[in-house]
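In what follows, a single structure is set out as structure tokens and then discussed.
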Amino acid sequence: MDIRKKITFNYVALSTFSTSLLCIIVFFLFRENNRYHFLKRLDDRAKIVSSIHFQKDPEKIKYYQKLKKNGLEELIEEEEYVLKINSHNSFDYNTNLNLPNSFYTNILSTGKDSYERDNKYYLGQIFQENSQRYIVIVGARDRKGKDTTVYIVKIMLFGGIGFVILAFLLGRFLAKRVIDPVARITKEVKRISASNLHNRLPEVKNSDEISDLTNTFNNMLDRLETSFEIQANFINNASHELKTPITTIIAEAEIMLLKERQQHEYVESLQNIYSQASRLGNLTESLLKLTQTGYDGQKQVSDIARMDELLLDVKSDLDKIYPDNRVSIKLNFAPEDSNLLLLPCNKPLLELAINNIITNGVKYSDNNEVFVNLSANREMIKISINDIGIGIPPEDIPHLYEPFFRGKIAAKYIGYGLGLPLASKIIRMHDGELQVQSEQNKGTIVTIIFKKLNIKKSNV
């Protein structure tokens, strides 16, 4: 069953249930109202019957009889009985009355009672005249009330059937109104594929769920289109970067194999091949590490490291690669409680990320001073890396995390444009945040923040 039919069916079912419940309530209230007013009429009759019975004056008797005949609406199958009460539980019984004993018992105990049988009502009351008590019983058939009840039942029955038909039509209309926007979205989505990700769903002006769905899907298409473009650029750039050293190695080998060479020429050629092979190896290793960070973060997290020790290990590695580096690790703001410095992580990958960022500071500041500050509290761990280098132009900052992207100023330095994108992915994998502030020709501040509330419990 499709959604249109489900909405229509549910609407009709709920409308039928609510209408039926309303009809039942109206029926019982209407019936009780008829019963109340008919018993009120019998009560008036009982008072007149008692007045006629007690009067000794023929003129007054004639007056009450005339009042009963002309002043009150005629009743069908009307019966009147006056029964003398002999004691608290004894009275003169009339054989024409076929009423249950409980009816008389209630009258004697409460002074008044009513009884219904086959749509005929009986009302009994006690009246007293000169210390003598009587039971006055008036009975009549409420044919008008019965006819009225049957009439209202017919109205509700046919009206209910008509309302169900109307509810079905309204349900179909409602389902069409609700589903049509979704159907339009589905139709538009089917037209969008990898070849036309630039297409977007038409914007909906209303601020309802359909508008939210449209905006959410368009935002998803924006992210997908950006991801596809980055992937395409990555493949193109990676192909170019890999092709260059391979082509150089092949060309160098072919040239050397054309004829015999002098020893120094072989040495020079091997040095060129070694240089290009090293470049190719470094590039391949960076690409593999960049791919590795795309795995599930929980599977990658296997260690618990102290961040001060990790920074010192990074500094030790840097000293081997750049013996004359001017990197300073500042632990002045580190807390005395070492537990505040603990972070669940993949230690080798996190060392690689921080190493890449600090190395960039060393490289792009021409080995000027680089300050690394560590601070921590119960909410976060913060690492700030500040260099006094060439800085980053404002137009390059949005592209920093794109693989192989290198700004115009940075192009004169050796690199592949993979260090910062790799660091960004590793830090994001650890639920961290990477912030870059830079001013051209003045330096760059890179801040790494690990908020402890964001760290997955499964990683601890």
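Throughout, residue positions are numbered sequentially from 1 according to the sequence presented.
- Annotation: side chain to side chain contact (heavy atoms under 4.5 Å, CB included) contacts of Asn356 (sequence neighbours excluded): Leu352, Leu422.
- For Ile397, the side chain to side chain contact (heavy atoms under 4.5 Å, CB included) criterion is met by Ile392, Leu400, not counting sequence neighbours.
- Looking only at distances, no side-chain donor or acceptor of Thr444 sits under 3.5 Å from a matching main-chain atom of Gln437.
- By the salt bridge (Lys or Arg N to Asp or Glu O under 4.0 Å) test, Asp308 is found to be paired with Arg306, residues two or more places apart in sequence or in another chain being considered.
- When the shell of 6.0 Å around OH of Tyr266 is examined, it contains more than 12 heavy atoms from other residues, nucleotides or ligands.
- Checked by atom type and distance alone, the side chain of Ser275 never pairs as donor or acceptor with a backbone atom of Gln271 at under 3.5 Å.
- For residues 432-441, the set of pairs meeting the salt bridge (Lys or Arg N to Asp or Glu O under 4.0 Å) definition, not counting sequence neighbours, comprises Glu439-Lys442.
- Applying the side chain to side chain donor-acceptor pair (under 3.5 Å) test to residues at least two apart or on different chains, the pairs with a partner in residues 25-38 are Asn33-His37, Arg35-Ser114.
- Evaluation of the side chain to side chain contact (heavy atoms under 4.5 Å, CB included) rule for Lys120 yields Glu77, Glu79, Tyr122, Arg141 as partners, not counting sequence neighbours.
- Shown here are the side-chain hydrogen bond (donor to acceptor under 3.5 Å, both in side chains) partners of Ser15, two or more places apart in sequence or in another chain: there are none.
- Proximity of a side-chain donor or acceptor of Ser278 to a complementary backbone N or O of Tyr274 within less than 3.5 Å is detected.
- Annotation for Asn101: atom CG does not count as buried by contact number, only 12 or fewer foreign heavy atoms lying within 6.0 Å.
- For Lys452 (side chain) and Leu340 (main-chain N/O), a donor-acceptor pair under 3.5 Å exists by modelled atom type.
- At distances below 3.5 Å, at least one donor-acceptor pair connects side-chain atoms of Asn367 with backbone N or O atoms of Asp324.
- Listed by chain and residue number, nothing satisfies the salt bridge (Lys or Arg N to Asp or Glu O under 4.0 Å) test with Glu116 (two or more places apart in sequence, or in another chain).
- Under the 30°/60° scheme for interplanar angles, the aromatic rings of Phe450 and His430 are found to stand perpendicular.
- Legend: residues meeting salt bridge (Lys or Arg N to Asp or Glu O under 4.0 Å) with Lys320, ordered by chain and number and at least two apart, are absent.
- Every side chain to side chain contact (heavy atoms under 4.5 Å, CB included) that Arg191 has, sequence neighbours left out, goes to Glu188, Asn199.
- Under the 3.5 Å distance criterion, the side-chain polar atoms of Asn119 are matched with a main-chain donor or acceptor of Asp142.
- Looking at Asp319 and Asn325, their side chains do bring a donor and an acceptor atom within 3.5 Å of each other.
- For the salt bridge (Lys or Arg N to Asp or Glu O under 4.0 Å) condition, the pairs that include at least one residue of residues 325-338, sequence neighbours left out, are Arg326-Glu369.
- By the 6.0 Å contact criterion, CD on Glu309 is enclosed, its count of non-hydrogen atoms from other residues, nucleotides or ligands being greater than 12.
- Listed here is the closest heavy atom pair of Ile126 and Ile107: CD1-O, 3.2 Å.
- In this structure, Met256 and Glu265 have side chains that are in contact, with non-hydrogen atoms separated by less than 4.5 Å.
- Counting only distance, with no hydrogens or angles, the side chain of Ser316 and the backbone of Leu312 share no donor-acceptor pair below 3.5 Å.
- No donor-acceptor pair under 3.5 Å is formed between the side chain of Thr19 and the backbone N or O of Thr16.
- Contact annotation: the side chain of Ile385 never approaches that of Asn373 to less than 4.5 Å [non-hydrogen atoms, C-beta and beyond].
- With 3.5 Å as the limit, one finds a donor-acceptor pair spanning the side chains of Thr359 and Asn355.
- Side-chain contact between Tyr413 and Ile390 is present, with heavy atoms from C-beta onward closer than 4.5 Å.
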Stepwise side chain to side chain contact (heavy atoms under 4.5 Å, CB included) check, Ile383 with Met307: CA-CA 9 Å; Ile383 302 171; Met307 297 309 295; 3.6 Å; yes
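- Scanning for salt bridge (Lys or Arg N to Asp or Glu O under 4.0 Å) contacts around Glu268 gives an empty result, with sequence neighbours left out.
- Looking at Gln435 and Val446, their side chains never come closer than 4.5 Å, going by heavy atoms from C-beta outward.
- Residues Arg261 and Ile255 have side chains in contact (heavy-atom distance under 4.5 Å, counting atoms from C-beta outward).
- The number of heavy atoms from other shown groups lying within 6.0 Å of CD (Glu395) is above 12.
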